[in-house]
Amino acid sequence: MELSKNYLPGDIEAKWYQHWLDKGYFNSTPDHRESFTVVIPPPNVTGVLHMGHCLNNTIQDILVRRARMQGKNACWVPGTDHASIATEAKVVQMLRERGIAKSSIGRDEFLGYAWEWKEKYGGIILQQLKKMGCSLDWNRTSFTMDDAYYKSVINVFIDLHKKGLIYRGKRMINWDVKAKTALSDEEVIYKEVQSKLYYVRYQIADSDEYITIATVRPETILGDTAICVNPDDERYKHLHGKYAIVPLINRRIPIITDEYVTTDFGTGALKVTPAHDMNDYQLGQKHQLEVIDTMNDDGTLSEAAQLYIGEDRFEVRKKIVPELDSKGHIVKIEDYTNQVGFSERTDAVVEPRLSLQWWVSMKELAAPALKAVMEEEIQFHPAKFKNLYRHWMENIKDWCISRQLWWGHRIPAWYAPDGQYAVAATKEEAFSRLTSHDSRLTMDDLRQDDDCLDTWFSSWLWPFEVFKGLSDPGNAEVKYYYPTNTLVTAPEIIFFWVARMIMAGEEYMQQTPFKNVYFTGIVRDKQGRKMSKSLGNSPDLLALIDQYGADAVRFGIMISSPAGNDILFDESALEQGRNFNNKLWNALKLVKGWESRISPLTSHDSHDAQISPSFATDWFHARLQKAKAEVETLMQQFRLSEALKTLYSLIWDDFCSWYLEWAKPGFEQPVAADVYAKTIAYFEEMMQLLHPFMPFITEEIYQLLRTQETDICIKQQTAAQPADNNILAAGELLKQVISALRDARNKNQIKPKDQIKLHIETVNEAPYKNIIGILSKQVNAVTIDFDTANNTNTIVIAVEKDKFFIETEKQLDTTALKAELLKDLEYQKNFRDSVLKKLSNERFVQNAKPEVVELERKKMADAEARITNLEESLKNL
RNA sequence: GGGAGCAUAGCUCAGUUGGUUUAGAGCAUCUGCCUUACAAGCAGAGGGUCCGCGGUUCGAACCCGUGUGCUCCCACCA
């Protein structure tokens, strides 16, 4: 078969993915084997594949494919998240484009459109994962709003409510006065605006003294319930415990102290309006201040304001300033630049506002989840995230789980007209509970809570609910697959998601949901900026796959991403991946080319060094085993990019640059049968090791090498055998000698075609005996002997303690060579002196470990030998 | 403001209990090669005040302190 000049990934990738699907290799059912479960962090249904997904899913695929090849029952569960905010926003936007306002249609109609949208676009991202080669069990595709999943979410709500862990409480939220809805923090856009800072003075009660505060929102004065100063602020110490009078409305408010107030901003005195500012609210809670809500839901002032009732807050700002001024309360007005929140949807200035929300009480749930991580029942990779996790868990705040949205799991609470409510799975149940208090109620009186649950309130059940852990408790699948092995996710959602999954797992499965968490970094562009749509610096992943191939993309992103570090994405890494593919392809072509030239003889039958490079096969066997062991260790430590680097250099340097060159027969010479067979076996084994990282090309090459009894992706890997250290050392010596001789040839401009004679001066000829054949071919030496050269026109090279004389026809210019030797001599002398200094330090000899001292002695002896060697060489010149 | 982390070659990073390292790799750069697997290649080379300062130690890129610069998370300043 004719193999193409370069590797062409397109058709090959599509072919193998379909083949794997047809064979059902990615599908898992429980059996006697050990399970290895990974659940995908469910991408949003609104999502399209970006670099972050690429990184994250490549890592998962590597872990899953490797486990599968180690004989484990690997199961990687796909699925999507309903992503309530993001999806609802998309659907609203789509409706708006069709001229439909959300407010003009009812909840059911809206949800109809939302489901339609989900069915149409929600699966795109999963299809894209197939292009990357992800070995997911597609029969298990889950969605956080599937019927059974939905019911489990509701049941968890009911259960936690029953346990007293869910309650209703007031909270400051971001209020959009135009849309008359609450906004999530993510929907608030902070912009810098030019404001005024108004200095307003308040009279101290029962005194002629005044205290001046600074504010950008003078209209909120009407809701003031305290003035706060720093307890250490000398200017105000005499006012502690006194009262001030709110201008215009003459309310008496206390002057309180709190460390929160900084002395160097404004006047060091802060007016406190608990109903209209996040921080003031917290201060109010802490100091038990009265909360006066002076604003209606449309941004106009309410009756509680006493003045300007019914007028918009910004109108009031314009009017209240002159009024304050006319009564002598304005001290000065300064220009001021500050950050103001705007609604992402309506661009209205967001107003902090108090509202009644549902909460999960977190302390109790957090305790076992904190323990699981601190005691390493769950291991974080890298471990540095343990600190972050601990800090958050120890200072955990209650979780606000209600969202003023329609797309999501609707809160199972029903209200009677008098405000009484019941939490129940059905309206009927709620009715029966509420009628026991008030028998006059009818079903029609009951109204279900309009709000939805936070998206994370469903995704925290993901690791067991994909196996119906709650909807069908104790079923065989959840018993087999749960807990999962490794979660791969971004550190930015450690609190939103990872911590809460651990809590839910402990609470409902009595077991942590995973054993390992691998935190990926954030994918950034070359300049270190986060990839985002607005910057336009996020490349189109599918276009990259088309251009470089999926294997190259996977290689490129993995080679530059140590765990937990951000990765700076650079297309040159993909190019490196593509080149690596090509290197593999060409190595295949070379080895396949040997097929027609196999000699019936093996390397042992012949004494001809040219066709019996048994040293090469023995050496590479050891080299391969060593690399295999290294990869095993690195993978256990989740050092994936280092494992890939190890394989890259094994294949490119040791296999292609050294081994194949050593084992390669001369032009039209036969190939020893055992060399051929071993080369094929090594190649196969390397393809197996590389398969999890680059699944497509490895399968293709594996199949082309020879007729296989199975496909590579389910071929079991064998454990590394011990490597022979002597032969490894001999290989390193050979490499070193070849490099040194090539360097000398290069520097003396001896052309590759020019032959040389080589004399080796050594006290120990034995290590060289095995490698003469290879050596002569690699440095183009016509003869090699162990005699001292007597020709004066020679180049002398020192490697370790041995000397190499290159005899050539070419006239040599020794000046450059001399300079080189002098430089090396100086280095060696300096080195010797530094070692000598160490060894003559008595305290070093006394305190250091004996083996360290011994090592220094050896370094010393070696350096001495090299110095003598170099000095002699210089004399010869 | 609270917390976490980072600083090693032009770039991206290794350097695992302080001693096989007067520091390694890949990419980039330079030099020479169209050598019959591969120019998406081959052979070779150059390149470092391990952020500054102080300390601990026989010995520090590594441990401690401190300064500087950068990044991220949370809360966002009246």
Side-chain angles (χ1 to χ4, degrees), chain A residues 3 5-7 185 190 197 213-217 220 228 260-262 265-273 277-280 282 336 338-339 341 382 384-385 387-389 391-392 395 397 491-492 494-495 521-522 524 526 528 530 552 559-562 564-568 570 572-573 575-594 633 637 639 641-642 645 648-649 652 656-657 660-661 664 667-668 738-739 742-747 749 751-753 780 827 830-831 833-835 838 841-849 851-853 855-856 858-859:
Chain A
L3 297 174
K5 183 173 183 298
N6 287 335
Y7 175 65
D185 295 345
Y190 285 90
L197 189 59
I213 56 86
T215 179
V216 290
R217 295 196 300 163
T220 60
C228 190
Y260 166 74
V261 180
T262 53
F265 186 90
T267 61
L270 169 73
K271 72 182 208 61
V272 185
T273 322
D277 184 280
M278 299 278 181
N279 292 301
D280 289 11
Q282 276 168 22
Y336 183 63
N338 65 338
Q339 302 270 325
K384 68 178 177 189
F385 289 110
N387 280 335
L388 191 70
Y389 181 82
H391 188 261
W392 193 75
N395 298 286
K397 295 196 179 102
E492 54 201 0
I494 187 169
F495 309 128
I522 296 163
R524 299 172 175 281
K526 235 172 152 177
K530 208 163 168 172
I559 202 79
S560 41
S561 70
N565 278 16
D566 287 357
I567 83 163
L568 299 192
D570 185 348
S572 72
E575 222 168 285
Q576 199 189 342
R578 181 197 59 186
N579 295 353
F580 186 39
N581 276 324
N582 209 38
K583 189 72 182 175
L584 290 167
W585 189 247
N586 279 295
L588 171 75
K589 273 166 38 185
L590 175 70
V591 175
K592 287 300 274 185
W594 293 355
T633 310
Q637 297 169 336
R639 295 161 76 162
S641 71
E642 282 172 69
K645 276 179 191 161
Y648 178 77
S649 115
W652 197 303
C656 293
S657 297
L660 287 179
E661 293 300 330
K664 195 182 195 172
F667 191 48
E668 288 188 342
I738 292 171
S739 289
R742 277 176 181 162
D743 182 27
R745 290 186 61 122
N746 223 348
K747 289 215 167 96
Q749 290 168 355
K751 293 246 158 64
K753 280 173 202 154
N780 197 11
Y827 176 94
N830 282 338
F831 182 70
D833 291 349
S834 79
V835 178
K838 232 182 201 181
N841 182 339
E842 264 179 52
R843 288 198 287 179
F844 167 72
V845 180
Q846 275 168 19
N847 294 331
K849 281 181 261 171
E851 56 269 32
V852 173
V853 177
L855 195 73
E856 292 298 318
K858 187 174 177 296
K859 271 155 88 175

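Chain naming here is simple, since letters A, B, ... match the order of the sequence lines and numbering starts at 1 in each. In this text the structure is predicted, and so the values were computed from the model without any measurement.
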Query raised in the report: Reckon A/Arg742 has a side-chain N or O less than 4.0 Å from the OP1 or OP2 of B/G44?
Result: yes
Query raised in the report: Distance-only, no hydrogens or angles: does the A/Asn746 side chain make a donor-acceptor pair with backbone N or O of A/Arg742 under 3.5 Å?
Result: no
Query raised in the report: Is the phosphate of B/G19, meaning OP1 or OP2, less than 4.0 Å from a side-chain N or O of A/Arg843?
Result: no
Query raised in the report: Taking the side chain of A/Asn586 as heavy atoms from C-beta outward, which of B/C38, B/A78, B/G19 is closest to it?
Result: B/C38
Query raised in the report: Given B/A37, is OP1 or OP2 found less than 4.0 Å from the side-chain N or O atoms of A/Lys664?
Result: yes
Query - Earlier contact from the 5' end, RNA chain B, for A/Lys849 and A/Arg639 - result: A/Arg639
Query raised in the report: Does a side-chain N or O from A/Lys645 land closer than 4.0 Å to OP1 or OP2 of B/U12, or not?
Result: no
**Report entry** Phosphate OP1/OP2 of B/G26: any A/Ser560 side-chain N/O under 4.0 Å
**Finding:** no
Query raised in the report: From the list B/A40, B/G26, B/U22, which nucleotide is the closest neighbour of the side chain of A/Phe831?
Result: B/U22
Query raised in the report: Does OP1 or OP2 of B/C42 have a side-chain N or O of A/Trp652 closer than 4.0 Å?
Result: yes
Query raised in the report: Is A/Tyr7 near enough to B/C38 that one of its side-chain N or O atoms lies under 4.0 angstrom from OP1 or OP2?
Result: no
Query raised in the report: Any N or O donor-acceptor pair linking the side chain of A/Glu661 to the base of B/A37 at under 3.5 Å?
Result: yes
Report task. Indicate, with a heavy-atom threshold strictly under 4.0 Å, whether A/Arg217 touches base, sugar-phosphate, or nothing. Result -> nothing
Report task. Measure from the side-chain N and O atoms of A/Asn780 to the backbone N and O of A/Lys753, and report whether any donor-acceptor pair falls under 3.5 Å. Result -> yes
Query raised in the report: Is the distance from OP1 or OP2 of B/G41 to the nearest side-chain N or O of A/Asn579 less than 4.0 Å?
Result: yes
Query raised in the report: Hey, is A/Lys645 close enough to A/Glu642 for a salt bridge, meaning N to O under 4.0 Å?
Result: no
Query - Phosphate OP1/OP2 of B/C42: any A/Lys583 side-chain N/O under 4.0 Å - result: yes
Query raised in the report: Strictly by modelled atom types, are A/Lys838 and A/Asn841 linked by a side-chain donor-acceptor pair under 3.5 Å?
Result: no
Query raised in the report: Can you find a side chain N or O atom of A/Tyr389 that sits less than 4.0 Å from OP1 or OP2 on B/C73?
Result: no
Query raised in the report: Taking only N and O in the side chain of A/Asn387, is any of them less than 4.0 Å away from OP1 or OP2 of B/G5?
Result: yes
Report task. Figure out the CD/P separation between A/Glu851 and B/G59, and round it to whole Å. Result -> 19 Å
Query raised in the report: Does a nitrogen or oxygen in the side chain of A/Lys859 sit under 4.0 Å from OP1 or OP2 of B/U20?
Result: yes
Query raised in the report: Checking A/Asp743 side chain against A/Ser739 main chain: does a donor-acceptor pair fall under 3.5 Å?
Result: no
**Report entry** B/G44 OP1/OP2 closer than 4.0 Å to side-chain N/O of A/Ser739
**Finding:** yes
